[in-house]
Amino acid sequence: MDDLGASRTLDRVRLTWEAAYARTYQIQVSPDNATWSTVHTTTTGDGGVDDIAISATGRYLRVHGTQRALPAYGYSLWELEVHGS
């Protein structure tokens with residue numbers, strides 16, 4: 001989860017995965033760290049870099065993994081970039 005410090009308009013998220021990536025995941029935003037809205041879903045994650053256009057407003061952002069690519073490991077994000085104004 002990333003706290004952006006204040007509510008922001010978000011237009012892009014860039015995820016850089018390590019070897020233990022999510023095959024299926026959601027990007028979610030929240031105004032209060034309690035109520036979450038899904039702004040992007042994929043079931044075809046393939047690791048590497050995912051550069052995703054979104055249209056959302058929120059103070060908090062999280063990546064919610066729902067299926068691991070490697071069953072013996074968890075999820076490993078090297079970098080999470082959030083872009084907007």
Exercise. How far does CD of Q67 sit from OG1 of T43, to the nearest 0.5 angstrom?
Worked result: 8.5 Å
Distance-only check: which donor-acceptor pairs under 3.5 Å involve side-chain atoms of residues 46-57, not counting sequence neighbours?
{"unit_1": "D50", "atom_1": "OD2", "unit_2": "W17", "atom_2": "NE1", "d": "3.0"}
{"unit_1": "D50", "atom_1": "OD2", "unit_2": "Y25", "atom_2": "OH", "d": "2.7"}
{"unit_1": "D51", "atom_1": "OD1", "unit_2": "R12", "atom_2": "NH1", "d": "3.0"}
{"unit_1": "D51", "atom_1": "OD2", "unit_2": "R12", "atom_2": "NH1", "d": "3.1"}

Problem set entry | side chain to side chain contact (heavy atoms under 4.5 Å, CB included) partner of Q28, chosen from T41, T38, L61, T35 | T38
Seminar exercise, completed: So OG1 of T16 and CH2 of W78: to nearest 0.5 Å the spacing works out to 10.0 Å
Exercise. Are V82 and V39 grouped together when hydrophobic residues (ILVMFWY) are joined by side-chain heavy atoms under 4.5 angstrom apart?
Worked result: yes
Exercise. If you look at every heavy atom in A20 and G74, which pair is closest and at what distance?
Worked result: CB-O, 3.4 Å
For this session: Apply the side chain to side chain contact (heavy atoms under 4.5 Å, CB included) test between D2 and each candidate in L80, V63, V29; give the one that qualifies.
Result: L80
For this session: Quick one: which residue pairs count as a salt bridge (charged side-chain N to carboxylate O under 4.0 Å, His left out) with a foot in residues 52-70, not counting sequence neighbours?
Result: D3-R59
Exercise. Looking at CG of L10 and NE2 of H40, how far apart are the two atoms once the value is rounded to the nearest 0.5 Å?
Worked result: 14.0 Å
Exercise. Does any N or O in the side chain of T66 come within less than 3.5 Å of the main-chain N or O of T24, such that one atom is a donor and the other an acceptor?
Worked result: yes
Exercise. Is it true that L15 and L4 fall in one hydrophobic cluster, defined by side-chain heavy atoms closer than 4.5 Å?
Worked result: yes
